[in-house]
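Every value quoted in this text rests on a predicted model; they were computed, and no experiment measured them. Basis for what follows: all heavy atoms, side chains included, without hydrogens, waters or symmetry-related copies.
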Amino acid sequence: QKKKKKKTPMERPMPVEKNSSIIDPVDAQIGGDADIDGIAQTITADDINAVLLSPQPVNQRLETLRSMRSELEARSHADFGNEMAPLINDLDAAIDQLSVRS
């Protein structure tokens, strides 16, 4: 029987980009210190601003912002505290701002 070798930080999977969103695999034990409480908020206002102010072409930034909005919309059914609404509003404002430029 083979023993599984514990992965070192250098062997852990690197973050990948999927649908213009960064996916960062996390190896965390459920209920452990690294486990995220409640809804894992993967998109923050800082992320929105980073995309808005990025040097990438406007059409690419719009695609990324729309993808982020779709992700939040898909998860909003579990948002009983209405915590995602301000982020969705920020995304809408950023999309509107960039749409004027395109």
Asker: Distance from Leu65 atom CG to Ile95 atom CD1, nearest 0.5 Å?
Answerer: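 Leu65 atom CG to Ile95 atom CD1 measures 5.5 Å (nearest 0.5 Å).
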Asker: For a quick test of reading the model, state the closest non-hydrogen atom pair linking Leu87 to Ala45 and the distance between them.
Answerer: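 Nearest heavy atoms, Leu87 then Ala45: CD2-N, 3.6 Å.
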Asker: Which distance, rounded to the nearest 0.5 Å, do you find between the CG of Leu52 and the CG of Leu62?
Answerer: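 Going from CG on Leu52 over to CG on Leu62, the span is 9.5 Å.
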Asker: Quick one: list whatever passes side-chain contact (heavy atoms from CB on, under 4.5 Å) with Pro57, sequence neighbours left out.
Answerer: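 Partners of Pro57 under the side-chain contact (heavy atoms from CB on, under 4.5 Å) test: Asn59, Gln60.
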Asker: Could you list the residues that satisfy salt bridge (Lys or Arg N to Asp or Glu O under 4.0 Å) with Arg69, not counting sequence neighbours?
Answerer: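 Per chain and number, Arg69 pairs via salt bridge (Lys or Arg N to Asp or Glu O under 4.0 Å) with Glu73, Asp92.
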Asker: If you round to the nearest 0.5 Å, how far is CZ of Arg75 from CD1 of Ile88?
Answerer: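 Answer rounded to 0.5 Å: 10.5 Å.
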Asker: So, taking the atom named CD in Glu71 and the one named CE in Met84, what distance separates them when rounded to the nearest 0.5 Å?
Answerer: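 Taking CD in Glu71 and CE in Met84, the distance rounds to 8.5 Å.
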Asker: Name all pairs fulfilling the salt bridge (Lys or Arg N to Asp or Glu O under 4.0 Å) condition that reach into residues 42-62, sequence neighbours left out, sorted by first residue then second.
Answerer: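 For residues 42-62: none.
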Asker: Mind checking the CD-CG spacing from Glu63 to Leu98? Nearest 0.5 Å is all I need.
Answerer: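 Going from CD on Glu63 over to CG on Leu98, the span is 13.0 Å.
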